[in-house]
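Before any comments, here is the structure.
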There are 2 protein chains.
Amino acid sequence: MSKKLDALGLTEEDFLREYDISKFDQPSLTVDILLLTISENKVDNYRKLANKSLKVLLIKRKEHPFIGKWALPGGFVRMDESIEAAAYRELKEETNVNNAYLEQLHTYGDVDRDPRGRIISTSFMSLVNSNEIDLNPGTDAEEARWFEVEYDVYKKERLFNKIGFIDNEYIRLCLKNDAINLMTEIKASRVVSGKHVSYNHTIESKGDLSFDHALIIQNGISSLRNKLESSDIIFHMMPDLFTLTELQNSFEVILNKKLLKANFRRKISKMVSETSQFTSDAGHRPSKLYEFNPLWED
Amino acid sequence: MSKKLDALGLTEEDFLREYDISKFDQPSLTVDILLLTISENKVDNYRKLANKSLKVLLIKRKEHPFIGKWALPGGFVRMDESIEAAAYRELKEETNVNNAYLEQLHTYGDVDRDPRGRIISTSFMSLVNSNEIDLNPGTDAEEARWFEVEYDVYKKERLFNKIGFIDNEYIRLCLKNDAINLMTEIKASRVVSGKHVSYNHTIESKGDLSFDHALIIQNGISSLRNKLESSDIIFHMMPDLFTLTELQNSFEVILNKKLLKANFRRKISKMVSETSQFTSDAGHRPSKLYEFNPLWED
DNA sequence: GCAATAGTGTCTCTAAGACATTATAAT
DNA sequence: ATTATAATGTCTTAGAGACACTATTGC
C-alpha cells in the first residue's frame, strides 16, 4: 500500500479508515435477467417436425409498483456480491440452473425509470436449453410464465430536417402464451445532424410490461441476433444431441427469417461434430444427430 | 396509476409515498470515460506523412486511493442525472466538448474493485477528433495527459484438463508519452468444460494504473476494434476533411495491422464522398480530400 | 531524376446465395 | 405410393486479398 500522503497529510491507510462512503449520493442497483430459451410446439401431423419458438420468462408482479403487470425476473444487488453473482443468484431462484450461460448486456440509468426512487439496473441475458430447465410455471409465490416472442419492424421512415435527418424504426414486440397476449412498441432512432450521430430508443407503448423492461427485452433480442452468426452462443439453447434441421430452425426462429439448408449446413459444419446416432419414428428419413464441437476455430 | 391493492391493502400511490429506498443496501455508482483520439506525430522528412497513433486520456490522481497513479477520468453519478448525463458531464469537464460521441460499454461490479467501499462503475467510450478538442494537459488542478496506446497479444495457450480446456490470451497494454511509460498485463480466458463455456478477464499486473482501469481500457479497445469494420464510428475521430490514406492509417493504428490500399478504398468508398479540394505542399502527388457520407447504406 | 505518396486495374480465391437432385423412413 | 424430411452437388455472384502499374508533386 502506498505511503504517499495526500493534501491533508493522510496515508492511504488512514484515508481509507476514515472514509465514509455514505456521505455520497447512493442509488440502488438491481439486475434484470432476460432468460431466453427455444421451445418446441408439437404438431398433430406425425410426419411433421415440431415448430420452434423463442421464449422469454416473465414474472407477474405481486407487489407495487406495477402490481399485476409482467416484468423480467431480477432483484437488488446485495452489498457482498458482485453484480454477476447477483444475476446468477436471481437466475438460480427462477430456474434451479447453476451454470447457465449469462452475459451482461447494458445498464439502464435514467433518473425516473423506477417510481420507487433512483434505481439503476444492469441487464443480463441468459440462454438455456428448455429440456434442462426445471421451472415450475405458475406454482411459485411469484407467478412465472414463458412467453413466445415475436419481434418485427413494422415501419421505417427517414425524416429530413435543416441540419440532417432522423431514421426511425418502429418495432413491435408481441409476447404471448396460451392465456396472455402482451404487446409493446418501441421507437429506435438514429439522429444525424451534420457530422454528429446519436441513437436513442424509446418506449412508444409499454402495454402490460413493467418499468422499462420492454426496452431491455428489445435491446437484448437485438443483441442476441447480432451475436448469433458470429459466435457459438446458439448452442447454449440446444440439447446435447440435435439434428442440423433443429439447429437451423433455432437460427430461423431467432433471426425471424428462413435460411437455405445447403448453405446453412456449409456454414455451421465447423462448429458441430457428427455422432453415430440417428433420430427415428419420424415418418420420414432418419436424421443424423450432431453435437457441439467446442474446438472449432473461426 | 393502478388502483389495485397489494397484500397490505395499499394502492400504488400509497405504497410509493411510504416507500423508503434507503432501507435497501446502496452501493455507489461512478462512470469512467475511455476517451480516445487519433493524433499525428509529425516526422522530419518533408516527403513523409505524419505517423498516427491511438491515444487515451488519463488523469493523475491527486487523492487517495491510488494517489499519484493514473486513472481514467470519471466520477460519481449524481442523484438527479442519468448515467449517460453523468458521462457527458465528466467528458465536458475534461474536454470542453459538448456533443462528442459517447457509447456505454460495460458495468464493473466486483465487490472489492474499489478500496473505498462498494462502488460500481459503468464505463463509456468517447471518440473525438484531436483537432477539435480543447484540452489543457498538465495545467489543470488535475493533471491530464494523453497516452499513446499499444495493445498486443504476446502469448496464447490452450491448457487441456480432464473435462475440457482453457484458452488463455495474454495481453500487454503499453501506455506512454514523452515522460511516462505505463505497462499493464491482462489475461483473457475462455474456459470450456464439457458443454459449458465461460469467459473472464483478470489483471495480471496493473502497473501504475488505478482500480481495474487496465481492464476497462483493454475491454474498451477490444470493443472498438470489433465495431470498427462494421460501423462508421471511425469518423468521429476524423476531421471534417481527410484523405483516404489518413483514414486508412486511422484504421491501421486501431487494428494494429497494415491494410492494402486498393482493397481498403473499395471497402470504405460507400461511406465517404469526395470533395473538390486537395492537399498541397506535400513533396508528392496531392491527395483528394473526402468527407463522411452519413447517407451511406450497408 | 528521386523519393514518397496517390490512385486504379485486374487476377485469384473463398464464401454466400440459389436451386436442383437423390435418399429414406412411416403410413 | 405418398408425404415430409435428409443430405448433397453445383452453378452463379459478390467480396476479400494480393499485387502490379501509372500519376504527380517538391526538392
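Just so it is clear, the model here is predicted, and its values are computed rather than measured. Residue numbers start from 1 in every chain, and the chains themselves are labelled A, B, ... in the order their sequence lines are given, proteins ahead of strands.
Salt-bridge formation is not detected for the pair A:E169/A:K155: no Lys NZ or Arg NE/NH1/NH2 atom is positioned less than 4.0 Å from an Asp or Glu carboxylate oxygen.
Taking the ring axis of A:Y151 as reference, the NZ or CZ atom of A:R225 stays within 45° of it and closer than 6.0 Å to the ring centre. Remark: A:K288 fails to qualify as a cation-pi partner of A:F278 under the 6.0 Å distance and 45° angle criteria applied to the six-membered ring.
Across the interface with DNA chain C, nearest-nucleotide mapping of A:G283 and B:F278 shows B:F278 to be the residue nearer the 5′ end. Checking A:L260 against B:T245, the closest nucleotide of DNA chain C that is more toward the 5' end is the one next to B:T245. Mapping B:N263 and B:D281 onto DNA chain D via the closest heavy atom, the residue that lands nearer the 5' end is B:N263.
Within the structure, every pair that satisfies the salt bridge (Lys or Arg N to Asp or Glu O under 4.0 Å) test and touches residues 257-266 of chain B, not counting sequence neighbours, is listed here: B:E252-B:K258.
With hydrogens and angles ignored, a donor-acceptor pair under 3.5 angstrom links the side chain of A:K261 to the base of D:dA6. Side-chain atoms of A:R266 and base atoms of D:dG9 include no donor and acceptor less than 3.5 Å apart.
Note: CZ (B:R285) to P (D:dC21) measures 17 Å, nearest angstrom. As a whole-Å value, the separation of B:L49 CG from D:dT25 P is 16 Å. With rounding to whole Å, B:D298 atom CG is found 10 Å from D:dG15 atom P. If you measure from atom CD of B:Q248 to atom C1' of D:dA16, you get 14 Å, rounded to the nearest angstrom. Protein atom CZ of B:R265 is 19 Å distant from nucleotide atom P of D:dC19, rounded to whole Å. When rounded to the nearest whole Å, the span between NZ of B:K270 and C1' of D:dG15 equals 10 Å.
Ring orientation note: the planes of B:Y170 and B:Y154 are tilted relative to one another, at an angle of 30° to 60°. Between B:H196 and A:H236, the ring planes lie perpendicular to each other; the angle is over 60°, past the 30° to 60° tilted range.
No contact: A:L244 has no heavy atom under 4.0 Å from any strand. Counting non-hydrogen atoms under 4.0 angstrom, A:S280 reaches nothing in the nucleic acid.
The footprint of chain B on DNA chain C, defined by a heavy-atom cutoff below 4.0 Å, extends from C:dC2 to C:dT10.
For B:Y46, the listed nucleotide lying nearest its side chain is D:dC27; candidates were D:dA6, D:dC27, D:dA18.
Residues B:S39 and B:K55 bring a donor and an acceptor atom of their side chains to less than 3.5 Å of each other.
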